[in-house]
Engineer: 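Before anything else, here's the structure in question.
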Amino acid sequence: MIKDTNCSDVILDKEGQTINLAGWVHKRRDHGGLVFIDLRDNSGIVQVVFDQGISEKSYLDAQTLRPEWVVSIKGKVMPRPAGTENTRIPSGMCEVHCSELEVLNESKTPPFEISDDSDNTDEQIRLRYRYLDLRKSAMHQNIILRHNVVKHIREFLSQKGFMEIETPILIKSTPEGARDFVVPSRMNPGTFYALPQSPQQLKQLLMVSGFEKYFQIARCFRDEDLRGDRQLEHTQLDIEMSFVNEDDVMTLIKDLYTEIIENVVDNRTIVGSFPKLSYDDVMDKYGTDKPDLRFGLELINLTEIAKTSSAHVLTNPINEGGIAKALMIPGLNKYSRRQLDDLVAFVKTRGGKGLMYIGISEELSTIDNLTIEDIRSSVSKILTIDEIKSIIDFTNASPGSLILIMADSSKVVNTCMSQLRNEIAEREELFDKSEMAFAFITNFPVFEWDDDMNNWQPSHHLFTSPLEKDWDLLDTSPGDMRARHYDLVCNGMELASGSIRIHSREKLEKILDFLGYDDESKIERFGQLLEALEYGAPPHGGIAPGIDRLITLLTDNAESIRDVIAFPKTQSGSDPLFGTPSLIPKEQLEELHIMISEID
RNA sequence: GGCCCGGUGGUGUAGUUGGUCUAACAUACCACACUGUCAAUGUGGAGAUCGGGGGUUCGAAUCCCCUCCGGGUCGCCA
């Protein structure tokens, strides 16, 4: 080994020892007769001192060093002179007096500084030089954290009797849900494999195989548009268990996450005890099925009040079947006109047509004395003072409060208002960033009506079992059927999704029939699973937590899941480092029996 | 596919009612000085076809059109 000690392990215990270090020159501070370098390796940073009195040669060589050069250093661990200690690094009480310096490799000037302080470099450039970006301490720590979490998951589940079983990456395309990535088969001209969107059918088959407790750190592929929390490929902890009900799975997950947070990170606390909230309830209160529960600020349904209003901006959407919802934020009447315009713009970029606001003067003593002069509003001319009063009463607003109101289709209102709620909480720092507010969302509908397709679609996947008592509704009111489905949410993010599955062929076929599959397509797409269910399939269920999102929540610096993935892709699915995706040679295409049609 | 924001020395920004812009500032880079710094300091230096193409104009970083790239968002993501 070129090195025998890590930079961060240089502590007072080693005083007087001669050690060998190797790493990257992080910083050089040349004082003329004395040169300091901060030496960085995977563990952290230590200060190395070059002094003519210790070694003339290394002192002279040290003056040629530049950031990111790779060096090995032999030297003696010495306590720093009193008053020069650096408390910000673990090795800060010591320094290494270099007696031998060897340059192992030089470095070009990096395109950006390898420092967390300058983390605002354009993300595209960071991705272009990802191997340098990952040298930064913050990014480095994210990847290390990821390793520690996954290691912990494996240990935890193994101890509970789970088996990690690999499933194929090359599977069959079942064109439902997300778009598949496909891989051409050279040996079978004109046919394709698909990459798994998740190992869903495979893990259910493993239950039929009698493994009872399965898990896998599984890569999942979806050819859909990317977002800050979605990549073309993501990693999920795939779990499936036999002979369980919903609570068994949720309890396992609660225990797992609790252990991870207690053992792997030291700056996160869990608030609440993983409450179970119903889908209808959270949609009403928060406008989303993944609410951030670290703060209150619940949405207030104003539809009943608004429908009798004189303002068409309120009544028209409601008459067309829409809703009106409000946010009442105490103290927020302090917002300037510009800040309010910002909020209006915020909802407009999310599909909203506008946002009404009613601000109540903080000068006002009590709401009873309210006059039109105490109101600052975008709608003071179209709402009567009585209407404004009733809205204030209903939202329980007090002097100094701001009420934000939106009326539109329920979809648009919920989308905009739920995100507005998060945005305001973020701006006003209404929550503690160290808190983790988990909750399970339950009682999802089995089906959702698709206006465009004019048919029912499974709201999750079609293997999800409805509540046993709801089967009768399939023929009468399928929209009211509730699923044995549960999502784990935390701080406004969907972290996991799971369900108890249908384990009877007959029942699964009922669902497929309802969704309009004919016999042929049933067999074509689900034949293997339908068949397996006939050979003694045990009752089973599972869940699939997203690893990337979990790690993002556990770090202090990750803005998106891209920050916890070593080599992520951009929003357009490209990798600026490799230049992915790319053309392939004609010969390769021919071998795969593929012809490229004209590209616009 | 729609909408919003952005693209100016290596990096991050300012400049965008057209003209002292021969493009500013910080940092990084190069040189010299300096024995206790840790965002070292001081002095000096080099470094930019203002994302790309076209147009308007006597004159474009700035205005118009097209386009590429990045981010956010709607659609999409069983």
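So you know, we letter chains A, B, ... as the sequences are listed, proteins then strands, and number each from 1.
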Engineer: Once the angle between the rings of A:Phe463 and A:His461 is folded into 0 to 90°, is it parallel (under 30°), tilted (30 to 60°) or perpendicular (over 60°)?
Structural biologist: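 If you compare the ring of A:Phe463 with that of A:His461, the planes turn out tilted.
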Engineer: Check the side chains of A:Thr64 and A:Asp61 for a donor-acceptor pair under 3.5 angstrom, ignoring hydrogens and angles.
Structural biologist: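 There is no such pair between these side chains.
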Engineer: Let's see if you get this right: which residues in residues 62-70 of chain A place a heavy atom under 4.0 Å from RNA chain B?
Structural biologist: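 Within this stretch, A:Arg66, A:Pro67 sit under 4.0 Å of the strand.
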Engineer: Please enumerate all residues that pass ring pair (Phe, Tyr, Trp, His ring centres under 6.0 Å) together with A:His540, with sequence neighbours excluded.
Structural biologist: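 Not a single residue meets the ring pair (Phe, Tyr, Trp, His ring centres under 6.0 Å) criterion with A:His540.
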Engineer: Begin from the C-alpha positions of A:Glu123 and A:Arg130 and carry the test salt bridge (Lys or Arg N to Asp or Glu O under 4.0 Å) through to its verdict.
Structural biologist: CA-CA 10 Å; A:Glu123 199 172 347; A:Arg130 190 59 158 181; 5.8 Å; no
Engineer: So does A:Arg28 reach the base of B:C38 with its side chain, donor to acceptor, closer than 3.5 Å?
Structural biologist: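 No such pair is found, so the answer is no.
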Engineer: When you compare B:G54 with B:G59, how far apart are their P atoms, in angstrom units rounded to a whole number?
Structural biologist: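 Nearest-Å result for B:G54 against B:G59 at atom P: 15 Å.
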Engineer: Say you pick atom C1' in B:G19 and the same atom in B:U57; how far apart are they, in whole Å?
Structural biologist: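 Straight-line distance between the two C1' atoms is 12 Å.
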Engineer: Using atom C1' of each nucleotide, how far apart are B:G18 and B:A23 to the nearest Å?
Structural biologist: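 The same atom, C1', in both gives a distance of 15 Å.
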Engineer: What interatomic distance, in whole Å, is found between P of B:G51 and the corresponding atom of B:G15?
Structural biologist: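 Rounded to whole Å, the distance is 15 Å.
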Engineer: Taking B:C25 as the reference, what is the distance to B:G9 when you measure between their C1' atoms (whole Å, please)?
Structural biologist: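 My reading of the C1' atoms in B:G9 and B:C25 gives 12 Å.
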Engineer: At less than 3.5 Å, do the side-chain atoms of A:Glu95 and the base atoms of B:G36 form a donor-acceptor pair?
Structural biologist: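 Side chain to base: pair present.
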Engineer: Of the options A:Asn557, A:Asp116, A:Ile114, which is the one that meets A:Ser137 in a side-chain contact (heavy atoms from CB on, under 4.5 Å)?
Structural biologist: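 Testing each of A:Asn557, A:Asp116, A:Ile114 against A:Ser137, the sole residue satisfying side-chain contact (heavy atoms from CB on, under 4.5 Å) is A:Asp116.
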Engineer: Under 6.0 Å from the ring centre and within 45 degrees of the ring axis: does the NZ or CZ of A:Arg135 meet both conditions for the six-membered ring of A:Tyr131?
Structural biologist: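 No cation-pi geometry.
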Engineer: When the C1' atoms of B:C21 and B:C30 are compared, how many Å lie between them, rounded to an integer?
Structural biologist: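 That atom pair is separated by 26 Å.
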Engineer: Test: ring-ring contact (aromatic ring centres under 6.0 Å, His included). Region: residues 42-63 of chain A. Which pairs qualify, not counting sequence neighbours?
Structural biologist: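 Every candidate ring-ring contact (aromatic ring centres under 6.0 Å, His included) pair involving residues 42-63 of chain A fails, so no pair, neighbours aside, qualifies.
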Engineer: Would you say the base of B:G75 and the side-chain of A:Arg227 have a donor-acceptor pair closer than 3.5 Å?
Structural biologist: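 Donor-acceptor pair under 3.5 Å: yes.
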Engineer: For the C1' atoms, the ones on B:G6 and on B:G52, what distance do you get once it is rounded to whole angstrom?
Structural biologist: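 The same atom, C1', in both gives a distance of 16 Å.
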Engineer: Rounding to the closest angstrom, what is the interatomic distance between B:U73 and B:U17 at atom P?
Structural biologist: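 30 Å, rounded to whole Å.
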